[in-house]
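For reference, the structure is listed below as structure tokens.
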Amino acid sequence: MFIEYKKLDLNQVTKEIFQYWKNHDILKKSFQCTTNSYKKKYILYEGPPSLNGNPGVHHVVSRIIKDIFCRYYTLKGNKVFRKSGWDAHGLPIELNVEKYMKIEKNDIGKKISIKKYNSICKKFVHNALKKWILFTKKIGYWIDLKSPYITYNTKYIESVWWLIKKLYDNKFIYKDYDIQPYSPAANTGLSYHELNMPGCYKKVEQISPFVKFKVIKDYLSNKLKRNIFGNDDVFFISWTTSPWTLPSNTALAIGKNIDYVLVEIYSIYNIENFSYKKEIIIFSSKLIDYVLPKEKYYQIFDKNEFYSINLKRCKNKIPYYIIYQFKGIDLMYSKYEQLLPWFKPYYKKENAFQVIDGSFVNTKEGSGIVHISPTFGSEDFIIAKKYDIPPILVLNKEGIPIPLVDMQGKYISSFPHGFGGKYIKSDFTTSNVDKFLVDKEIISFLEKKNKILRVEKYFHFYPHCWRTDKPIIYYPLNSWFIKTTKVKNKMISLNEKINWYPNFIGKKRFSSWLENTKNWNFSRSRYWGTPLPIWRTKKGDEEIVIGSIKELILEIKKSIKYGFMSHNIFDNFVIDDMSDTNYSNIDLHKHILDEVILVSSQGEPMNREPDLVDVWFDSGAMPYAQLHYPFENKDNIDKNFLFPADFIAEGVDQTRGWFFTLHTISSILFNSIAYKNVISIGLVLDKNGQKMSKSKGNTINPFELIDKYGPDAIRWYIIFNSEPWDNLKFNVDGINVIINKFFGTLYNIYAFFALYANIDGFSYKEKELSTDNYTELDLWIISELNSLIEKSDKYYINYNPTKVVRVISSFVLDKLSNWYVRLCRRRFWKDKYTVNKIVAYQILYKCLINVAKLISPIAPFFSEKLYLDLNSVTKKEFFESIHFTNFPIVDKHLINKKLEDKMTFVQKITTMVFSVRKKNKIKIRQPLKKLMIITDKKMVDQLKKLENLLINETNVKEIKFTNSYSNLELVKHIKPNYKSIGSKFREKTKEISEIIEKFDQKIIKEIERKKKYIFHNKGEKISIFLDDVKITTEFVKGWDILSDNQLTIALDLRITNSLWEEGFIREFIRNIQILRKQNNCNVIEKIFIYIINANKNIQFVIEKYKNFICQETLALDIKKDHQEKKNGYEINFEKKYRLYVIIRKVKEETI
RNA sequence: AGUCUCGUAGCUCAGACGGUUAGAGCGCUACACUGAUAAUGUAGAGGUCCGCGGUUCAAUUCCGCGCGAGACUACCA
């Protein structure tokens, strides 16, 4: 017996299946059914979620997408590799811990030891991990949780070290200082990631001067020298939004191809007494109006006029004259005097204060000449390096060169003119002073020296520290780098081998990210992470990179000999023993490693570089480190058994995160891609399209969600709603719709099947009946089923689960439920257990079992239930779980596209008939005499096979198919077929189509008959063929007609007496059935029917059909009754024929 | 600020290598069906296919500009 249920309860199903999986060890078996028996394999790399908190809804999305394809490929007979992984290191975790402990970064190592701090971090991570594991199970994500990779594991760290060493050996790693975002207020460097946290870029007002840099004329190119007469001073005009960097200026950047001008201008000292002198300024000609705005300056075109001008008449405007225009290249290597000669360049003084070319220079704003201070701008730093421009540095007490601003954001104390010790931005002090204080003072100092052309206020977006809300500055900090720029081209070409979903992310965003790749700063000054395995002498003249624990122990032993270490702290580690217990004996985190002092070849002590490895390196190393490569599993990487991955999928934000670091490491070290297919998943937004955030209070707790709706409905909803890469507007109400619509219907089909199969004792014992026994409808649904299998398979392969879900949904709802099952109902209840009936059972069974398999990757619980309920009775398959079965294989011979089209056609016809009935207010229950279907001959022949079906659906006595309108009087309409005449007549299309639309009935008939019509337009002979027009029929006398592009139906609306009687009787019977239900009659109880005061006509009809009525309603007799009408049940067939009936159960009567 | 993606019914989304009636589900209204019934069907209302230009016989679809949304990038001085 098939199990029957009272109603659909998805949560109950989920619980049951969880229990089933547990009892039968299904998960374990799923990962076990391993290696040798499988020829094909499918590799997923799990992007390790950071264990810094609770999972959110967006994690639901990425987990189910990964799960779907793993399950799909399992069904397709692959061994699927899917190890879970967890990112246990990193800043977010540290910050959470600091918040929890109520400490700050600076307290670590002081108020709390690093050892203690790290142990708290580890504990924190453990707690988060528990939640994540529960979450993973609840959502039905099948991934190997038993042997995860965790980035803090000793084995994992060892692999990371090995990779770093390998990079180092290949000369990819170097130490340098780089300009990085730095927050003086928080006293910490920030990552670019932190800069992009919401709200960090704020619009701020900035005071920004146009500064005059005095040209040393001797160094000017001859071209320019020739155009400069007299002794006037010459200045480069440069604009800056950070005047506090001007004392550090050592170069000016121009664009070689940008146009510049020499402009002679009067420089006013004193407006009152008009003391002035002439000088020459240089800037980009494109920016004349920007540098010399019309409100303040005006151009004079005549040289003589300019020189003889009377300034007193100029009111407040200053005149200027353009001497000469030239390209930026003529400025190259010109020199100028140091603007503020307070400090000397640190080295190569001869290279300082010159003009160089910068590709970033533009003419959108400013002057086309950019002030460069190599210590406070990242572009400045890069270009300075290129041209070997020295920075301005001074030696501190320890003899280390430092920039002119200290770590607190103050000018160093040796500044002259009272600038020493002043904060460059007042935001860094607590005192309430003018925001632009230092900037203003610098400007006014320069103004006194006549070094300022003019000053303006400027609004721009400037990054702020997310912790302190204070502005950041760009500051030179020491870091370790990976020279990714060296392999830029390789990374770009390898990227072309990756399939990106959606394509544009890979083609455009990722590749342009690679184009602009910068060397990867992969060190972090933090505490909880993988320590850099690099030791250095104090002078930095010797360094060693450790690539394994073994190596480290050997080095330690050397060091012990020199007396730098007293003993080997890894004493209890057995070298070359790969057992987990051996590895669990040691810890490689910072608090341990910092105590290790090694010895250089010169016998000098070497200390570890105190920094940690960027967590993005940790996760990017995951293909190798998850296998403890190369210490174990060497072949899995080297022989490509488990590398590269077939599939990864994470949020779009990982494009420059994990997607990038995976790609970088694999490109550099393995000359390979790390993944073949990648889905970059869109964001999860709330139902209004707003980003979910805690502060807005619009987040959804995934645990509550799953508990309420069950994993299947959520999975189905998410996948159905939008394609994985599109943003998902998450509306919880939508989940109920899915449950009712899809799961409800599918459940209903099963319930229907189970009900009748049980009655008939169907359990698929009979042998498979051949298609010879199939009806047209059977052939159709089987064709549709096979088409469905084919399409689903295709969409799965193309990584489009949304299309899979939508096509399955359409099959289940529109085709299986609403058509096949509905039309087959009679077959199940009327017939005896005939071949025809068995066929129907077999087909319905096949549909259900195949749909279950097709949806199993997406709805793993419900499909399992369906499968077990079906298969446990029939025992047709021996699998313990649907997830161990094979993906349905399409039988192309059973696909009949023509039949599918035909059925669509039939559905259209019934819809049209219903529509006509509706218009004429004729119920479907009322039989009608005749339906005429007018369409082309080919279609007619095919439709004939489905005649009975149509007769039943439309409730007509007869259907006539025809391809001619011969016995109808009708009006036809003609319309041009633009597609055809457009290409034929081009610009005359409009004209001709107007003529066609005016054709009368005679011409239309002629066109139909001769398939051609010729007429003249403006003396030109024009031929129209049948294909050039669309002819539709509109109206027929005595019939009602509906037309469509392909066909016309005509319905005979005349209701004869006998038709009316039939309609009435059906209505009567139906009402009796309702009464039976109301009286709680069971299916076999007999009744008597009493009719109260019906008119004669009605009585006559009832008498006439008495036998039929009794048979249908299980009545023994129909009697008259003379009670009052109100006691009876009203049957209101038509207004004029109202009657009242009572029914009584036979039992009652006899008592 | 730049780059990319998107803008179709009240809501969620389809769709069209350019062709004249633009679709589905949900919601709403009315009706029907009643041996899957807390299901189901039919019909109706509801659209300048974001705006403006261009290419074309023909643009919601292709191109350009603008507006709006989102993401990414960014001290571009």
Side-chain angles (χ1 to χ4, degrees), chain A residues 7 179 181 192 195-196 201 208 211 238-242 245 252-253 358-362 364-373 376-380 458 460-463 471-474 502 504-505 508-509 512-513 516 652-653 655-656 682-683 685 687 689 691 720-723 725-727 729 731 733-734 737 740-741 744-745 747-753 755-756 802 806 809-810 813-814 817-818 821-822 825-826 828-830 910-911 914-915 917-919 921 923-925 975-993 1045 1070 1073-1074 1077 1083:
Chain A
K7 63 170 191 180
I179 308 298
Y192 282 91
L195 241 47
N196 273 314
Y201 275 84
S208 51
V211 183
S238 178
W239 178 67
T240 178
T241 55
S242 48
T245 61
L252 292 173
S359 55
F360 52 85
V361 177
N362 67 44
K364 281 178 190 154
E365 55 192 4
S367 64
I369 299 177
V370 178
H371 136 67
I372 300 292
S373 60
F376 300 117
S378 95
E379 267 172 346
D380 307 37
Y458 182 72
H460 67 161
F461 286 92
Y462 195 84
I472 60 109
I473 59 172
Y474 288 77
F504 73 87
I505 293 275
K508 300 205 168 144
R509 189 174 296 174
S512 82
W513 176 257
N516 298 317
V652 256
D653 48 317
T655 309
R656 67 206 173 83
L683 300 168
L685 309 170
K687 61 180 175 182
K691 208 172 175 175
F720 187 86
N721 211 276
S722 58
E723 294 184 320
W725 37 86
D726 279 337
N727 289 349
K729 285 187 192 168
N731 187 354
D733 299 334
V737 174
N740 290 334
K741 200 92 197 153
T745 306
Y747 156 80
N748 254 331
I749 297 170
Y750 169 79
F752 177 86
F753 170 82
L755 180 69
Y756 289 101
T802 304
R806 287 182 183 174
S809 184
S810 147
L813 267 42
D814 302 340
S817 168
N818 197 21
V821 172
R822 197 159 60 84
R825 274 183 303 189
R826 250 163 251 242
F828 288 105
W829 77 66
K830 277 272 185 249
T910 52
T911 306
F914 289 157
S915 173
R917 278 173 168 275
K918 170 103 182 167
K919 204 165 73 192
K921 294 191 175 144
K923 293 182 179 186
I924 293 165
R925 212 179 294 113
K975 271 193 167 183
N977 178 3
Y978 284 95
K979 202 166 192 170
S980 146
I981 65 164
S983 53
K984 228 186 220 172
F985 299 115
R986 296 274 150 202
E987 63 282 351
K988 278 176 281 180
T989 304
K990 213 168 194 174
E991 215 175 298
I992 286 167
S993 64
N1045 287 336
R1070 184 191 137 237
Q1073 301 287 19
I1074 292 171
K1077 203 163 235 179
V1083 197

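All of these numbers come straight from a predicted model, not from anything done at the bench. Only heavy atoms go into these numbers, but all of them, side chains included; no hydrogens, no water, no symmetry mates. Naming convention: chains lettered A, B, ... in sequence-line order (proteins, then strands); numbering from 1 in each chain.
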### Euclidean distance, atom OH of residue A:Y747 to atom C1' of B:A38 [Å, nearest integer]
12 Å

#### Entry: Spacing of A:L685 atom CG and A:N731 atom CG [to the nearest 0.5 Å]
12.0 Å

### Message
In whole Å, measure the gap between the C1' atoms of B:U20 and B:A1 for me.
### Response
43 Å

What are the atom names and distances for every N/O pair under 3.5 Å that joins the protein to nucleotides 25-30 of chain B?
from	atom 1	to	atom 2	distance (Å)
B:C26	OP1	A:K741	NZ	2.7

### Message
So if I take every side-chain heavy atom of A:L683 and compare against B:A71, B:C13, B:C76, which nucleotide ends up nearest?
### Response
B:A71

### Query
Looking only at atom C1', what distance separates B:G66 and B:G27, rounded to whole Å?
34 Å

### Message
I need the minimum non-hydrogen distance between A:I981 and A:S993, along with the two atoms involved.
### Response
CD1-CB, 4.1 Å

### Watson-Crick or G-U wobble mate for B:A36, both contacts under 3.5 Å
none

### Message
With rounding to the closest Å, how many angstrom separate the P atoms on B:G53 and B:A16?
### Response
27 Å

### Query
Looking only at heavy atoms, what is the nearest atom pair of A:E723 and A:T802, with distance?
CA-OG1, 3.1 Å

### Query
Between B:C13, B:A36, B:G70, which nucleotide has the shortest distance from any of its atoms to the side chain of A:S722?
B:C13

### Query
Touch check for A:K988, heavy atoms < 4.0 angstrom, all strands: base, sugar-phosphate only, or nothing?
nothing

### Message
Output the rounded distance in Å from CD1 (A:I992) to P (B:A58).
### Response
14 Å

### Query
Where is the tightest heavy-atom contact between A:S238 and A:I369, given as atom of each residue plus distance?
OG-O, 3.0 Å

### Query
Roughly, in whole Å, what's the span from CD1 in A:I472 to P in B:A74?
12 Å

### Query
Okay, side chain of A:T241, backbone of A:S208: is any donor-acceptor separation there less than 3.5 Å?
no

### Summary
Residue pair A:H371/A:A751 against RNA chain B: nearer the 5' end by closest nucleotide is A:A751

### Task
With the side chain of A:Y756 defined as its heavy atoms from C-beta on, choose the nearest nucleotide among B:G35, B:A36, B:G70.
B:G35

### Query
Taking the P atom of each, how far is B:A36 from B:G47, in whole Å?
39 Å

### Message
Can a donor-acceptor pair be found, under 3.5 Å and without considering hydrogens, that links the side chain of A:T745 to the backbone of A:L813?
### Response
no

### Task
Could you tell me which nucleotide pairs with B:A1 by Watson-Crick or G-U wobble geometry, both distances under 3.5 Å, or answer none if nothing does?
B:U73

### Message
Applying a 4.0 Å non-hydrogen cut-off, can you work out what A:R822 is touching in the nucleic acid: base, sugar-phosphate, or nothing?
### Response
base

### Query
Does any non-hydrogen side-chain atom of A:I179 lie less than 4.5 Å from one of A:D380?
no

### Query
Atom CG of A:D814 and atom C1' of B:U40: how far apart are they, to the nearest Å?
12 Å

### Message
Within the structure provided, determine whether A:F752 and A:R825 are in side-chain contact (heavy-atom separation under 4.5 Å).
### Response
yes

### Task
Quick one: label A:E991 by what it contacts on the DNA or RNA (base, sugar-phosphate, nothing), any heavy atom closer than 4.0 Å.
nothing

### Query
Which whole-number value in Å describes the distance from A:N748 CG to B:U40 P?
8 Å

### Query
Using atom C1' of each nucleotide, how far apart are B:U3 and B:A22 to the nearest Å?
32 Å

### Message
Tell me if a side-chain donor or acceptor on A:Y462 pairs with a main-chain N or O of A:I472 at a distance below 3.5 Å.
### Response
yes

When you compare the protein's N or O atoms with those of nucleotides 1-5 of chain B, which come within less than 3.5 Å of each other, and at what distance?
from	atom 1	to	atom 2	distance (Å)
B:U5	OP1	A:K508	NZ	3.1

### Task
Report yes or no: is the cationic atom of A:R806 (NZ for Lys, CZ for Arg) under 6.0 Å from the centre of the six-membered ring of A:F720, at an angle within 45° of the ring normal?
yes

### Query
Taking the P atom of each, how far is B:A24 from B:U34, in whole Å?
26 Å

### Query
With a 4.0 Å cut-off on heavy atoms, is A:N818 in touch with a base, just the backbone sugar-phosphate, or nothing at all?
sugar-phosphate

### Message
I need the CZ-P distance between A:F752 and B:G35, as an integer number of Å.
### Response
12 Å

### Message
Any strand counts, and the cut-off is 3.5 Å on both contacts for Watson-Crick or G-U wobble. Which nucleotide pairs with B:G47?
### Response
none

### Nearest-angstrom distance from the residue atom CD1 of A:I179 to P of B:A74
16 Å

### Task
Provide the distance between the two C1' atoms, one in B:C17 and one in B:C13, to the nearest whole Å.
23 Å

### Query
Side chain of A:N721: nearest nucleotide among B:U12, B:U37, B:C57?
B:U12

## Note on the structure
Of the listed B:C76, B:U40, B:C57, the closest approach to the A:H460 side chain comes from B:C76

### Query
Base, sugar-phosphate, or nothing for A:S238, non-hydrogen atoms under 4.0 angstrom?
nothing

### Query
Which one is paired to B:U42, where only Watson-Crick or G-U wobble pairs with both distances under 3.5 angstrom count?
B:A30

### Summary
dist A:I749:CD1 -> A:N818:CG (nearest 0.5 Å) comes out at 9.5 Å

### Task
Determine the Euclidean distance between corresponding C1' atoms of B:U8 and B:A14; express it in Å to zero decimal places.
10 Å

### Message
Partner lookup for B:A14, please. Criteria are Watson-Crick or G-U wobble with both distances under 3.5 angstrom; report none if nothing qualifies.
### Response
none

### Heavy-atom pair of closest approach, residues A:H371 and A:T245
NE2-OG1, 2.8 Å

### Query
Nearest to the side chain of A:T989, which nucleotide is it out of B:U37, B:G19, B:A71?
B:G19

### Task
Whole angstrom is fine here: how far is it from CG in A:D733 over to P in B:C11?
15 Å

#### Entry: Phosphate OP1/OP2 of B:G70 contacted by A:K729 side-chain N/O (<4.0 Å)
no

### Task
Please round to the nearest 0.5 Å and tell me the distance separating atom CD of A:E987 and atom CD1 of A:I992.
9.5 Å

## Note on the structure
Partner of B:U61 under the Watson-Crick or G-U wobble criteria, both distances under 3.5 Å, comes out as none

### Query
Checking all strands, does A:G982 fall into the base, sugar-phosphate, or nothing category for heavy-atom contacts under 4.0 angstrom?
base

### Query
With nearest nucleotides of RNA chain B determined for A:V361 and A:G744 from heavy-atom distances, which residue corresponds to the more 5′ nucleotide?
A:G744

### Query
Is there a donor and acceptor pair, one atom on the side chain of A:S817 and one on the base of B:A36, closer than 3.5 Å?
yes

## Note on the structure
Using Watson-Crick geometry (N1-N3 plus N6-O4 or O6-N4) or G-U wobble (N1-O2, O6-N3), each under 3.5 Å, B:C6 is paired with B:G68

### Query
Whom does B:U55 pair with, Watson-Crick or G-U wobble, provided both distances fall under 3.5 Å?
none

